[in-house]
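Given the structure is predicted, the values throughout are model-derived calculations rather than measurements. Labels below follow one simple rule: chain letters A, B, ... track the order of the sequence lines, proteins then strands, and each chain is numbered from 1. Note that these values count all heavy atoms, side chains included, but never hydrogens, waters or copies made by symmetry.
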Protein chains: 2
Amino acid sequence: MNKRTQRFSVIRSIIESEPISSQDELIIKLKEQGYEITQGTLSRDLKFMHVAKVPHREKGYIYVIPDQMAAHQADTHISSLITDNITNISFSGNIGIVHTKAGYANAVAVLLENKRYPEIAGTIAGDDTIFFVLHEGQSRKRIVRELSKLCPNIVIPQ
Amino acid sequence: MNKRTQRFSVIRSIIESEPISSQDELIIKLKEQGYEITQGTLSRDLKFMHVAKVPHREKGYIYVIPDQMAAHQADTHISSLITDNITNISFSGNIGIVHTKAGYANAVAVLLENKRYPEIAGTIAGDDTIFFVLHEGQSRKRIVRELSKLCPNIVIPQ
DNA sequence: TTTACTTTTGCATAAATATGTAAATTTTAT
DNA sequence: ATAAAATTTACATATTTATGCAAAAGTAAA
């Protein structure tokens with residue numbers, strides 16, 4: 001596997017694990033992993049990989065790997081099989097909202113319930129969304145830290 | 001249907017019927033159909049419509065409408081069939097509660113999610129009830145107005 | 001209608017992305 | 001290993017896209 005091909009797989013793993021909204025942002029992440037390239041090269045890489053740029057609720061725009069490719073890669077890693085399907089976590093008041101890929105909310109909710117976090121008063125899952133309610137007066141701080149551990153690639157506010 | 005909304009549907013039909021590889025190209029096509037706008041406006045239109053730019057074998061890059069968006073567009077004209085099944089809307093704190101006829105909660109929730117109201121952090125549906133959570137600090141005012149439009153016959157508090 | 005308010009737009013410009021070209025690197029054949 | 005061919009890269013720059021801001025257009029309330 002040559003350097004360029006290696007880099008492709010790193011690029012893929014980065015944009016699959018966190019929302020990346022510009023090539024410059026991705027260049028920085030690549031540098032952290034030991035891959036130093038210029039923006040022009042990255043542009044050509046993304047073109048070669050058929051990576052699309054899509055408007056995104058929070059981040060403005062993000063890069064995504066089109067479906068067929070994603071599906072192909074989807075079941076390559078077996079660990080963290082469940083939390084990988086979490087796409088976003090946010091809070092509003094004492095409610096936490098977990099977004100997952102379609103159909104995964106239930107599996108993720110079961111996982112959360114099994115963790116028995118003391119702050120969580122209850123959870124409820126739809127198809128791709130989970131609400132969990134915090135006990136009154138509980139701070140988010142600890143639970144945010146715990147959830148961060150669970151999915152290191154998701155940015156949880158505060 | 002206002003001017004902007006009309007334009008959206010023209011944009012959609014253009015990029016669905018032929019490969020468009022830049023906004024300037026699309027501006028020309030729009031002009032041919034009687035819609036004259038600047039590049040900045042088009043950029044915002046495409047963002048709002050969640051149109052993605054994807055590398056393409058022959059044309060370099062083309063604009064595409066993601067699936068979900070297509071689905072959204074598809075059911076706008078049957079949306080009143082769905083909202084007719086809402087029986088009540090109320091609020092408690094930053095949670096909105098929508099009651100529907102039995103079995104309709106899911107269909108209504110999907111509709112709500114497709115609307116992408118910026119105030120709504122997430123929704124979750126049971127059989128005849130939907131909870132939706134507002135983002136922190138967001139006022140109910142605008143969302144109440146929007147929901148009122150959606151179902152003119154329901155009285156929403158405040 | 002008039003007023004207050006919200007949304008949409010154009011303009012100008014900033015930010016981001018794509019690409020021609022020559023140099024560097026890698027691959028292939030001898 | 002060396003030369004020739006092919007691929008990949010950086011650099012510089014052209015092209016394309018996004019966005020702050022003020023003006024214009026559109027809506028709702030009185």
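- In this structure, A/Glu36 does not pair ionically with A/Arg7, as no charged nitrogen and carboxylate oxygen lie closer than 4.0 Å.
- Atom CG of B/Leu42 is separated from atom C1' of D/dA18 by 12 Å (rounded to the nearest Å).
- Here D/dT17 is the nucleotide among D/dC11, D/dT17, C/dT9 with the atom lying nearest to any side-chain atom of B/Lys53.
- Pairing each heavy atom of A/Ile27 with each of A/Thr38, the nearest pair is CD1-C, 4.0 Å.
- One interatomic measurement links the two molecules: CE of A/Met49 to P of C/dA18, which rounds to 14 Å at whole-angstrom precision.
- Pairs passing the ring-ring contact (aromatic ring centres under 6.0 Å, His included) check and including a residue from residues 3-46 of chain A, sequence neighbours excluded, read A/Phe8-A/Phe48.
- Distances from the side chain of A/Ser43 to the nucleotides C/dT17, D/dT19, D/dC11 place C/dT17 closest.
- In this structure, A/Ile11 places its CD1 atom 13 Å from P of C/dT17, rounding to the nearest Å.
- Between B/Lys47 and D/dT19, a side-chain N or O to OP1/OP2 separation shorter than 4.0 Å is present.
- Between the side chain of A/Gln39 and the base of C/dA16 there is no donor-acceptor pair of N/O atoms closer than 3.5 Å.
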B/Lys59/B/Glu18 under salt bridge (Lys or Arg N to Asp or Glu O under 4.0 Å): CA gap, chis, key distance, verdict: CA-CA 11 Å; B/Lys59 301 266 302 186; B/Glu18 57 188 314; over 6 Å; no
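- Dashed line: the shortest gap from a side-chain N or O of B/Arg4 to OP1 or OP2 of C/dT9 is under 4.0 Å.
- Across the protein-nucleic acid pair, A/Phe48 atom CZ and C/dA18 atom P stand 16 Å apart, rounded to whole Å.
- Taking both residues in full, the closest heavy atoms of A/Val54 and B/Ala52 are given as CG2-CB, 3.7 Å, listed atom of the first, atom of the second, then distance.
- Only one option out of B/Ile14, B/Ile11, B/Ile62 pairs with B/Ile20 in a side-chain contact (heavy atoms from CB on, under 4.5 Å); it is B/Ile14.
- The CZ-P distance, from A/Phe8 to D/dT7, rounds to 14 Å in whole Å.
- The interatomic distance linking B/Tyr61 (OH) with C/dA16 (P) rounds to 16 Å, in whole Å.
- Nearest nucleotide to the A/Thr38 side chain, out of D/dG20, D/dC11, D/dA18: D/dC11.
- Proximity of B/Tyr63 to the phosphate of D/dT16: no side-chain N or O atom is located under 4.0 Å from OP1 or OP2.
- At the phosphate of C/dG10, OP1 or OP2 sits under 4.0 Å from a side-chain N or O atom of B/Thr41.
- Residues from residues 20-37 of chain B placing a heavy atom under 4.0 Å of any atom in DNA chain C, listed by number, are B/Glu36, B/Ile37.
- Between B/Ser21 and B/Tyr61, the shortest heavy-atom distance links the atoms CB-O, 2.6 Å.
- Of the side-chain N and O atoms in A/Arg7, one or more sit less than 4.0 angstrom from OP1 or OP2 of D/dT9.
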